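This is a predicted model, so every value here is computed, not measured. These values consider heavy atoms only, across backbone and side chains, with no hydrogens, waters or symmetry-generated copies. For the single chain, residues carry numbers from 1 onward in sequence order.
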Amino acid sequence: MAANLRQITQRALSRRKFDAIVIGGGHNGLIAATYLQKSGLDTVVVEKRHLVGGAAVTEEIIPGYKFSRCSYVLALLRPDIIRDLELVKHGLKWYYREHGSFTPLIDSHRSLIMSSDPVFTRNQIAQFSESDAANFQPYEEWLSKYARHMEKLLDVIPPGESKLSYLRMLSARGLLPDLHEFIDLLTSPATKILDRWFESEPLRATLATDSVIGSWHGPSTPGSSYVLLHHVMGGIGEREGAWGYVEGGMGSVSNAIARSALAAGATIKTDAGVDQINVKDNKVCGVTLHDGTVIESNIVLSNATPKVTFQDILDTSILPQEYQTHIKTIDYTSPVFKLNVAMDRIPTFRGHANGPGETAGPQHQGTIHLNSESTSMVDKAFADACQGFASDRPILEMTIPSSVDPTLAPEGHHVASFFIQYVPFSPADGEWTEERKDNFVKKVFSQVDEYAPGFSESVVGYDALAPPDLERIFGLTGVSLSHVGYQGNQLGRTALSRDFLAANEIAERKNTWVAKHPV
């Protein structure tokens with residue numbers, strides 16, 4: 001089926017005029033295209049790469065090993081989208097992560113494993129603090145209360161009024177339990193929030209890593225608690241707050257959406273990068289591809305970042321100066337290095353036996369936090385990057401999806417994903433050459449060996465992606481995971497684009513789906 005999908009998307013366009021064009025075949029663009037097509041607008045998706053998915057792709061860089069090359073876990077995919085687009089029917093299957101995290105301590109054989117089983121998790125935390133064990137469930141309930149309210153905002157078009165007045169309106173309507181407490185949660189350092197509830201490491205550090213993932217800040221940075229909130233929102237299917245692995249890798253998500261779009265009648269064209277958005281009489285009239293092909297449409301949606309959309313492929317002279325300034329000052333900074341590794345066996349962590357026949361155990365199935373035993377370690381790693389250098393002991397978030405999904409590697413072999421920070425996009429002492437990347441990878445492997453002796457010897461091969469690689473290959477400006485940086489002050493930052501995006505025109509024609517699924 002994947003091969004058929006590839007063949008379909010590589011066909012030449014049979015016509016050059018559509019009701020709507022979607023620039024970029026990432027999962028968001030594909031979702032928008034499917035709803036457009038289902039609403040009666042004849043839609044084409046144009047994608048610059050040879051496959052759809054954007055950052056949600058599966059690629060076999062090393063023969064026999066399938067990597068979720070960029071994004072690597074599933075959550076926040078809205079349940080109504082899964083239902084409306086019939087994604088399960090189109091091949092989407094996931095495995096829930098019953099054990100969410102594993103944090104081993106480098107100076108002992110102790111560790112912290114967090115599980116969906118509250119009794120198991122409480123006993124794990126109690127190793128370090130009985131008080132923290134008692135506080136953990138109330139903390140999760142408190143945080144989830146605000147996460148559920150934030151989730152409601154995911155399904156509405158960003159407001160035109162100020163964020164504060166909008167929050168006040170929600171509070172007045174009883175949609176926010178405590179406005180002042182909520183604003184404190186959005187603006188505080190994660191350490192401030194966590195210190196209110198807990199006294200022990202590694203619990204605080206394990207939770208604090210959620211406040212910094214993909215973000216150019218540390219857990220002691222004001223506003224980092226917003227990202228803490230962001231990572232407990234969502235879920236998979238009907239299970240709130242759940243995270244999981246997708247069978248076949250993250251590309252299976254995008255492929256299922258693409259199949260839904262094609263089944264609805266949409267057209268998808270890969271190897272079709274956009275050179276410019278065409279404008280006539282101050283109105284959008286289509287796009288020109290890199291090969292000179294012109295596709296006509298009065299509606300153009302962009303799945304690219306605001307920078308690419310409004311600065312790189314659109315004539316900025318048609319935009320008001322205030323709006324140009326707004327776009328130019330968006331912060332995309334992210335400190336991420338992605339490393340995908342093929343292994344000939346499952347790692348053995350000190351103090352933790354593997355399963356029967358060297359199979360995976362609970363310690364392998366969730367996010368493995370290395371170099372993260374204390375919040376001070378996380379802050380130190382961030383401080384290194386602020387000086388222009390990759391962290392001496394970078395924060396390593398390791399996942400082994402093959403621990404639950406046997407389709408990703410040969411029998412007995414495994415694939416691992418390392419989401420690493422902090423590293424600068426442009427190091428102070430030179431660019432990201434192949435030699436620099438290889439040396440950084442060697443450092444990472446040697447530090448993993450400290451927790452799992454023999455890990456380096458198990459490596460069959462790897463795919464190393466420094467920040468410039470992630471930007472170039474996947475179109476992630478500044479390596480931002482969400483098209484803008486994860487700062488609370490950028491919530492709804494692109495709301496002004498409502499005045500310029502075709503979503504308004506679409507809303508006038510098909511207001512039901514736009515109100516439910518804003519693009």
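Heavy atoms from other residues, nucleotides or ligands lying under 6.0 Å from NE2 of H364 number more than 12.
Between L186 and F182 the shortest side-chain heavy-atom distance falls below 4.5 Å. Counting only heavy atoms from C-beta outward, the side chains of R49 and I473 approach each other to under 4.5 Å. Between K437 and D469 the shortest side-chain heavy-atom distance falls below 4.5 Å.
Of the possible donor and acceptor atoms, none in the side chain of S211 sits under 3.5 Å from a partner among the backbone N and O of T209. Of the possible polar contacts, none joining the S215 side chain to the H217 backbone as a donor-acceptor pair under 3.5 Å is found. With T270 contributing its side chain and L51 its backbone, the two residues share no donor-acceptor pair below 3.5 Å. A donor-acceptor pair is defined here as one N or O able to donate and one able to accept, closer than 3.5 Å; such a pair exists between the side chain of S391 and the backbone of Y422. Within the 3.5 Å criterion, the main-chain N or O of E98 finds a donor-acceptor partner in the side chain of S116. One N or O on the side chain of E471 and one on the backbone of G478 form a donor-acceptor pair closer than 3.5 Å. In this structure, S68 contributes its side chain and M250 its backbone to a donor-acceptor pair below 3.5 Å.
Nearest heavy atom pair, residue C70 against residue A55, reads CB-O, 3.2 Å. Nearest heavy atoms, G24 versus V45: O-CG1, 3.7 Å. A pairwise comparison of heavy atoms in P219 and V212 identifies N-CG1, 3.5 Å as the closest pair. Minimum interatomic distance between G214 and F419 (heavy atoms only, all atoms of both residues): N-CE2, 3.7 Å. A pairwise comparison of heavy atoms in A385 and P424 identifies O-CB, 4.5 Å as the closest pair. Pairing each heavy atom of A390 with each of V423, the nearest pair is CB-CG1, 3.8 Å.
Annotation: the span from R69 atom CZ to S417 atom OG amounts to 12.0 Å, rounded to 0.5 Å. The structure places CG of L85 at 14.0 Å from CZ of R78, a figure rounded to the nearest 0.5 Å. Here L465 contributes atom CG and N340 contributes atom CG; the two are 6.0 Å apart, rounded to the nearest 0.5 Å. To the nearest 0.5 Å, the span separating CD1 on I62 from CG on D463 amounts to 7.5 Å. Interatomic distance, L30 CG to T43 OG1, rounded to the nearest 0.5 Å: 11.5 Å. To the nearest 0.5 Å, the span separating CE on M398 from CZ on F418 amounts to 4.0 Å.
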Do S403 and Q365 pass the side-chain hydrogen bond (donor to acceptor under 3.5 Å, both in side chains) test, and can you show the C-alpha distance, the side-chain angles, and the key distance before you say yes or no?
CA-CA 6 Å; S403 63; Q365 295 170 2; 5.5 Å; no
Assess whether side-chain hydrogen bond (donor to acceptor under 3.5 Å, both in side chains) is satisfied between T34 and S260, documenting all intermediate values.
CA-CA 7 Å; T34 308; S260 180; 4.7 Å; no
Given the rule in the side chain to side chain contact (heavy atoms under 4.5 Å, CB included) test, do Y72 and E397 qualify, once you have shown the distances and angles that lead to the verdict?
CA-CA 11 Å; Y72 55 100; E397 291 225 342; 4.0 Å; yes
Go through it in stages, so that I can follow the logic: the residues are V444 and L339, the test is side chain to side chain contact (heavy atoms under 4.5 Å, CB included), and I'd like the CA-CA distance, side-chain angles, deciding distance and then a yes or no.
CA-CA 10 Å; V444 168; L339 176 60; 4.2 Å; yes
Please report the C-alpha distance between H414 and S402 in whole Å, then the side-chain angles of each, then the deciding distance to 0.1 Å, and finally whether the side-chain hydrogen bond (donor to acceptor under 3.5 Å, both in side chains) criterion is met.
CA-CA 5 Å; H414 289 272; S402 54; 2.7 Å; yes
Begin from the C-alpha positions of T477 and I330 and carry the test side chain to side chain contact (heavy atoms under 4.5 Å, CB included) through to its verdict.
CA-CA 11 Å; T477 300; I330 292 175; over 6 Å; no
Take Y35 and D84 through the side chain to side chain contact (heavy atoms under 4.5 Å, CB included) test and state the conclusion after the steps.
CA-CA 9 Å; Y35 278 112; D84 291 351; 2.9 Å; yes
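Ring-plane geometry between F440 and W432 is classed as perpendicular, the angle between the planes exceeding 60 degrees on a 0 to 90 degree scale with a lower cut at 30. Between W216 and F382, the two ring planes are perpendicular [angle over 60°; tilted spans 30° to 60°].
Under the side-chain contact (heavy atoms from CB on, under 4.5 Å) criterion, Q276 pairs with N278, T288, sequence neighbours left out. Partners of Y462 under the ring pair (Phe, Tyr, Trp, His ring centres under 6.0 Å) rule, at least two apart in sequence or in another chain, are F445. Shown here are the ring pair (Phe, Tyr, Trp, His ring centres under 6.0 Å) partners of F18, two or more places apart in sequence or in another chain: there are none. Under the side-chain contact (heavy atoms from CB on, under 4.5 Å) criterion, V73 pairs with R97, W243, Y245, not counting sequence neighbours.
Sorted by first and then second residue, the pairs that involve residues 293-310 and meet salt bridge (Lys or Arg N to Asp or Glu O under 4.0 Å), not counting sequence neighbours, are K307-D312. Counting only residues at least two apart or on different chains, the salt bridge (Lys or Arg N to Asp or Glu O under 4.0 Å) pairs with a member in residues 21-48 are R15-D42.
Counting only N and O atoms by type, the side chains of S115 and D117 include no donor and acceptor under 3.5 Å apart. There is a side-chain donor-acceptor pair under 3.5 Å between T103 and T206.
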